[in-house]
Structure formats: structure tokens, C-alpha cells
Amino acid sequence: MGRTRHASARSRPMTGGPARSRRPLPFLLGIVLLAAAAWSLARHGAALDAAMQSLRHPSPLWLSALPIVIALHVLLTASVLRLLLNRTIRVGSVGTGECLALTLTSMLGNLTPMQAGLAGRVAYQHRVHGVPVTVSVLLVVQATLLSIGAALWIALALLVVRVAGFSWLAVPASLALLLPAALEASRPRTTLVRAFALRCLEVLLAGLRVHASLALIGCEAAPAVSLARGTASNLCNAVPVVGNAIGVREWVTALLAPSLAGIATPDVLAAQLLDRAVEISIVLAGAAVAVPSLARRRAAAPTVHPSSPMPDFTATVHAAWPGARQPGGDAASLPTADPPPRS
């Protein structure tokens, strides 16, 4: 009787329990912060009226620049993913188009209550390209550290520019220091240098996004100030607390505005909400094409590890330790797990 109960308990799949119930909390936090931003803007009628008036007669330059810059930002993120993935894949390679589709689908998944973007990407990489789960987790950590390092690089360059009295153009020019290492094909870490350079370009594009969105609502800011706020904005994306930094990015950028440039918080909230609306529109449009494409690719891919399915992100955490059991298989079936010790 005791053995039967023990065996049935072992055969039950892992459901994640409290971990799964906590999944919607970051999403709800982001929605609350986003709603608070909209409510704060609505309370300041003058700022909202001025923003709407400017949007009725927008500058053609900034109106076309904002969606283009956001699309380039997504493309750079996909390019970093491609560089890091191709360092781990032993057979073949991942193209830019596939990584762009993965990035758009992941961003779309992060807009759902379950924040499924990262888990879906890890599962896809495991199924289609045979990337071990633990390696995918390490790639996420690697990409995050590169983002933080890039933000610190740009912040340091901004500090040097301010202290030395240089032009703000010295900030993007500082990336030239990375060229010798990025072009050295014989060095084993060249790929990481190139990924770091792309992350730095992401930060510069984040600054351009801030500048364009402010211009569209009728606010002017110095380029260096826009770069500083863009650095903070991009740093919010690197912290994996809320998917796509929903709500967090808006408030961090808005609260920094008065001290950096004397721009009122409601004006920056209006600009950030506009930026978010354009970003979500681009993600939805791109994901409409990306999701069917990835689904066909996944269906056509051979089953790399049939005994180690990826039902949810809990499996990713458990796979980080050898000997952790997975739903539908044990540790020995994982590509990175050590074999069980012999007695």
C-alpha cells in the first residue's frame, strides 16, 4: 500500500505549484504601473491637451523616425540573439530572419499574463536546434550582462563628455574603441565583443527613441539628455522583472526627466506611452508573420530529445542542476545532466 502511494506520487507531473501561481504577478505589476501612468497623465489635462495638439500636426521627420528606430531596436536585439546562439549550435546556424521571428514572438509572449516569451524561446531552441536548456538559460544571463555593460559604457561616456565639455557626438564615437577587437577574427571572444557593440548601439537607439517621442508631443531635449534617459530606459529592459519592462520603463524615464532636463513628468509619460503604443503595434504586426513561420519550422524539425519535454519555465530552473527530475523524464534524459552515480 505504501509503495503504491509512493509510486503514484512519483508519477504525477510537476505543476509548478506556487511558482506557477506567482507568474501573473509581474504582468499585473506592469499593467498597474502602465495604468497609473495613463491616470497620472489624465490628471494633468494641460499636458495631455498639449500632447494631443502636437500629435494632430506631427513633424513628418519624427513621425517616420519613431517606428523605424523601434523596428531597428528589435532587429539589433535579434542580431545579438543570433550571435550568441550561433556560438552554441554545433551543426548549422540560425539566420537573422529566424532570430527576428523569435524575438518578436518572445516580446508578444511577454505581453500575456503568463509572461511566456522566454520559456517559449527556450523550448523552441531546444526542439529545433538542440540547444540544451541550461545553455539557453546561460545565454539569457549572458545577454542581460551585455545589456548592463553597454548601459554602463554609454553612461560613462556621457559622464566624460559632461566633465570634459566635449560634444555629445563623442558618445557614439566612443564605440570606435571596440572596432579593433570586433574585427579580429582570430580571437575566440570576438563574437562577444560584437554582441557588446550591438548592445551599445541598442542604447543609442533607445536615446533616439526618447528624443523622437518627445519631439512628437512638442517637447525639446538636448541630445545628451535624451541619451541619458535612453540609457536608463534600456537598462530597464535588461532587468527581467516585468516582461518588456511594461510600466517600469515609463516611470523610470519620467521620474528622471525633471532632474536631467527640467521636463515635467507628465510630458515624459505622454511621450513614453506613445512610444509603448508604437512598439506594441510593431510587435503585433511582426508576430502575425513570425508565429506561423516558427510554428512551421518547429513542426518540421525532428524531435531532438523526445524524453525531455519543456512544458513550462519551471523545467528550465530544474534543469540547471544535475539530478533534477523533469516531467516526462528523469535527469539522465537531459542533454546536460550527469549520469546517475553507480552504487
Side-chain angles (χ1 to χ4, degrees), residues 10-23 26-27 77-78 80-95 98-110 112 114-147 191-192 195 238-241 243-244 290-291 294-295 297-341:
R10 286 178 56 186
S11 63
R12 284 196 297 267
M14 292 173 53
T15 58
R20 177 167 294 188
S21 64
R22 287 194 297 266
R23 274 193 199 170
F27 175 80
T77 302
V80 172
L81 174 62
R82 177 178 177 270
L83 284 174
L84 298 180
L85 265 180
N86 285 333
R87 293 180 73 237
T88 63
I89 295 177
R90 298 178 180 177
V91 180
S93 62
V94 185
E98 185 178 357
C99 283
L100 180 59
L102 266 176
T103 302
L104 288 167
T105 307
S106 180
M107 293 178 70
L108 177 66
N110 287 336
T112 63
M114 300 308 288
Q115 302 275 281
L118 176 59
R121 196 177 79 193
V122 170
Y124 177 90
Q125 292 167 183
H126 179 70
R127 171 65 182 269
V128 176
H129 297 289
V131 179
V133 174
T134 48
V135 173
S136 288
V137 174
L138 290 176
L139 290 180
V140 172
V141 174
Q142 206 171 54
T144 301
L145 292 177
L146 287 172
S147 291
T191 302
L192 287 179
V239 180
V241 178
N244 299 349
V291 171
L294 293 180
R297 180 70 186 272
R298 186 181 185 280
T303 303
V304 180
H305 300 287
S307 60
S308 60
M310 288 294 301
D312 58 14
F313 190 65
T314 306
T316 303
V317 178
H318 282 271
W321 289 272
R325 289 188 174 274
Q326 296 293 319
D330 56 17
S333 65
L334 287 169
T336 56
D338 294 328

Are the side chains of Leu192 and Leu84 in contact, using a 4.5 Å heavy-atom criterion?
yes
Decide yes or no for Arg121 and Leu81: does some side-chain heavy atom of the first lie under 4.5 Å from some side-chain heavy atom of the second?
yes
Contact summary for Leu294 and Thr105, nearest pair of heavy atoms:
CD1-OG1, 3.3 Å
Using a 3.5 Å distance criterion without hydrogens, assess whether the side chain of Thr112 forms a donor-acceptor pair with backbone atoms of Leu108.
no
With rounding to the nearest 0.5 angstrom, report the OG1 to CG distance, Thr77 to Leu104.
9.5 Å
Gap between atom CG of Leu146 and atom CG of Leu139 - 0.5 Å precision
10.5 Å
Looking only at heavy atoms, what is the nearest atom pair of Leu118 and Asn110, with distance?
N-OD1, 4.0 Å
Could you tell me the separation between the CZ atom of Arg82 and the CD1 atom of Ile89, rounded to the nearest 0.5 Å?
10.0 Å
Partner set under side-chain hydrogen bond (donor to acceptor under 3.5 Å, both in side chains) for Arg297, not counting sequence neighbours:
Glu98
Closest contact, heavy atoms only, Val133 versus Val122:
CG1-CG1, 4.2 Å
Beyond-backbone contact of His129 with Thr88, side-chain heavy atoms, under 4.5 angstrom
no
Run the side-chain hydrogen bond (donor to acceptor under 3.5 Å, both in side chains) test against Ser106 and tell me which residues pass, sequence neighbours left out.
none
Interatomic distance, Ser136 atom OG to Leu85 atom CG [nearest 0.5 angstrom]
7.0 Å
If you look at every heavy atom in Ala195 and Val80, which pair is closest and at what distance?
O-CG2, 4.0 Å
